[in-house]
Amino acid sequence: MENETQKDNSDLILEIQNLQESLNSLVKYIDEINTFLPLPFCYINPLGIIINVNKSFVKFFEYEETEIIGNDFTILFKDSNEAVFLKKELKKINEIKGKEITVLTKNKVEKIVAITIKTKRDDEGNINGYFIAFTDITPLRKFQKSLEEKAKERTAELDKSRIALMNILEDVEKERNRAEQESNKTLAIIQNFTDGLLVFDKEGKVSLANPQTESFFKIKVQDLIGKSLSELEKIPTLNPLIQLFGREIKRISKKELQTDENLILEVSTIPLILREEKIGDLVILHDITREKNIERMKSEFVSISAHQLRTPLSAIKWSLKMLLDGDLGPINQGQKEFLEKAYASNERMIRLINDLLNVAKIEEGRFLFSPQLEDLKEIIKEQFPIFRELAQKKGLEIELIFKKDRYPWVKIDKEKISLVIQNLVENAINYTKQGKITITLDINNDNLFFSVKDTGIGIPESQKSRIFSRFFRGENAILSETEGTGLGLFIAKNIVEAHGGKIWFESKEGKGTTFYFTIPFSKELEDLIVKL
């Protein structure tokens, strides 16, 4: 009898050990799922109202479905201003990837997450809503500790009776089923994700890849798993991607990459952090081939159309000029006024066509043609008489200030820099009803420092972020009935940045605006400074 009891106790101890191993495996399995994949997600309508959530979301935010569905999604965020800004951004962009933000649970517990937002559109391109996934990047110690304590408690109860053991086994089975369900759900998300995903472990070896990655690089997942960067470099189709990384995976945000299959991918990397320790890297591969082709076709269309329009407009211009000059016979005052209006309208069309051609060249990367060493002071002096005449016609005072007697020469495209100066000064004149225009050239560190200050209508605070966008004109600029294409500042920004400089502004609505730009010069060229 005693031997049988000992045997039963041994069996019991063995079962306890097996259970402990199962629990440890379960803990590790759940930990890995929650570490690598953004399980919590919700779906919101175009107005930002939550209309659907998954079980992981309910658990993560501690809301019941009936409590959270129907609420504005900004209720989830700690910073209400950031939440409102994000809500506005959703209307202007297709997706947001890996934005780090602090969220609040129902019980006001703060959690740091990386959110991914994907716009859902119908067949006609209208926005139906947004899919938002949350990746928890805060330490999971609390969850692990709770699970371990629960496991210890159940293990202790096993020593008391076989009934307690059976209860624990039943609980473990439920947890295992739940983990399998979550695993299946997560794998389904990965398998159907439209972007390619590559996960590298902390040793720099591939631990996960999805089918979209197979499609992009024409290679099987099993040929990727367990390989390091040096090994992946030997695979021809992957070579461009590995060259982008270098010897190790570095932080990359939306860098373009062309594959051997003539696909253009937007590559981003996200470090995977667990308990303040990096455990790997996630590589996201987004296919932007279609967008790039559309951009190319759009630029070609604009360029061809503009060229075709410029020829007849030039013919109209010279025909009107001949009529106005009397080359085809005398005209009366009424006819002259009518022809002058037609000539001015034709000039505006020609300016718009020239701006469109410049924009097309910028997008094609062929805008700067002949950079040479030039004296920026002389370029400004050449243009100033025209600016002075325009200002005097409007009754404005205009002043030109050179802070230095001499300036270093800079390597620039004279025609393009002249266009920048012309755009900035003419804008200052056009949008100033009374007061003064001040043009200044100075030296700041290793840069020529140019500024145009006016006392005009200024720029509304709410529209400052869009001032360098294509075709954008401020509401007060439109109301002032001043002609403009909305392309001048976009072109100016691209010209300055192509020269390695910076352009910015300071403005207060109703008080005036000051635009600045810098052009760098080399210390090695200081011997080219001339005395003016």
### Task
Check the pair Q463, I467 against side-chain contact (heavy atoms from CB on, under 4.5 Å), reporting the backbone distance first and the verdict last.
CA-CA 7 Å; Q463 299 178 356; I467 203 68; over 6 Å; no
### Message
Restricting to non-hydrogen atoms, name the atom on R251 and the atom on P271 that form the minimum distance, rounded to 0.1 Å.
### Response
NH1-CD, 3.5 Å
### Query
In Å, rounded to the nearest 0.5 Å, how long is the span from CD of E389 to CD1 of I429?
10.5 Å
### Summary
Taking every heavy atom of L396 against every heavy atom of Q434, the minimum-distance pair comes out as CD2-CA, 3.5 Å
#### Entry: Spacing of F77 atom CZ and L104 atom CG [to the nearest 0.5 Å]
10.0 Å
### Query
Out of D442, V410, T518, which residue meets the side-chain contact (heavy atoms from CB on, under 4.5 Å) rule with N447?
T518
### Message
In the structure I gave you, are the side-chain heavy atoms of D281 and T269 within less than 4.5 Å of one another anywhere?
### Response
no
### Task
Please name the pair of heavy atoms, one in S507 and one in G512, separated by the smallest distance, quoted to 0.1 Å.
OG-O, 3.3 Å
### Message
Atom CD of residue position E100 - does it have more than 12 heavy atoms of other residues, nucleotides or ligands inside 6.0 Å?
### Response
no
### Query
Heavy-atom distance under 4.5 Å between the side chains of L285 and D195, does that happen here?
no
### I379 side, atom CD1; I417 side, atom CD1 - distance, nearest 0.5 Å
7.5 Å
### Query
Side chains of L441 and K377: does their closest heavy-atom pair fall under 4.5 Å?
yes
### Flag if over 12 foreign heavy atoms under 6.0 Å of NZ, K464
yes
### Message
Using 0.5 Å steps for rounding, measure from the CD atom of E110 to the CD1 atom of I112.
### Response
8.0 Å
### Message
Counting only heavy atoms not in R466 (residues, nucleotides, ligands), do more than 12 fall under 6.0 Å from its CZ?
### Response
no
### Task
Kindly give the heavy-atom pair with the smallest separation between I495 and K416, and that separation in Å.
CD1-O, 3.5 Å
### Query
So do the side chains of L489 and F515 get within less than 4.5 Å of each other, counting heavy atoms only?
yes
### Query
Crowded around K227 NZ? As in, over 12 foreign heavy atoms under 6.0 Å?
yes
### Check: Y407 and F402 side chains under 4.5 Å, non-hydrogen atoms
yes
### Query
Should E506 and Y516 be marked as a side-chain contact (heavy atoms from CB on, under 4.5 Å) after you check the CA-CA gap, both sets of side-chain angles, and the distance that decides it?
CA-CA 8 Å; E506 296 173 353; Y516 309 89; 3.1 Å; yes
### Query
Taking side chain as C-beta onward, heavy atoms only, is D454 less than 4.5 Å from Y431?
no
### Task
Rounded to the nearest 0.5 Å, what's the gap from NZ on K381 to CG on L376? Could you check?
12.0 Å
### Task
Identify the two heavy atoms, one from N430 and one from K394, that lie closest to each other, and give their separation to 0.1 Å.
O-NZ, 3.1 Å
### Message
Give me the atom names and distance for the closest heavy-atom approach of T455 to G435.
### Response
OG1-CA, 3.3 Å
### Query
How many angstroms lie between atom OH of Y130 and atom OG1 of T116, to the nearest 0.5 angstrom?
15.5 Å
### Message
Please determine whether side-chain contact (heavy atoms from CB on, under 4.5 Å) holds for the pair L400 and F387, giving the CA-CA distance in whole Å, both sets of side-chain angles, and the decisive distance to 0.1 Å.
### Response
CA-CA 10 Å; L400 177 59; F387 301 147; over 6 Å; no
### Message
I'd like to check L272 versus K278 (side-chain heavy atoms, cut-off strictly below 4.5 Å). Are they in contact?
### Response
no
### Task
In sequence, state the C-alpha distance, the side-chain angles, and the governing distance for V420 and F517, and then conclude on side-chain contact (heavy atoms from CB on, under 4.5 Å).
CA-CA 9 Å; V420 174; F517 76 78; 3.8 Å; yes
### Message
So I443 and P408, do their side chains get closer than 4.5 Å, heavy atoms only?
### Response
yes
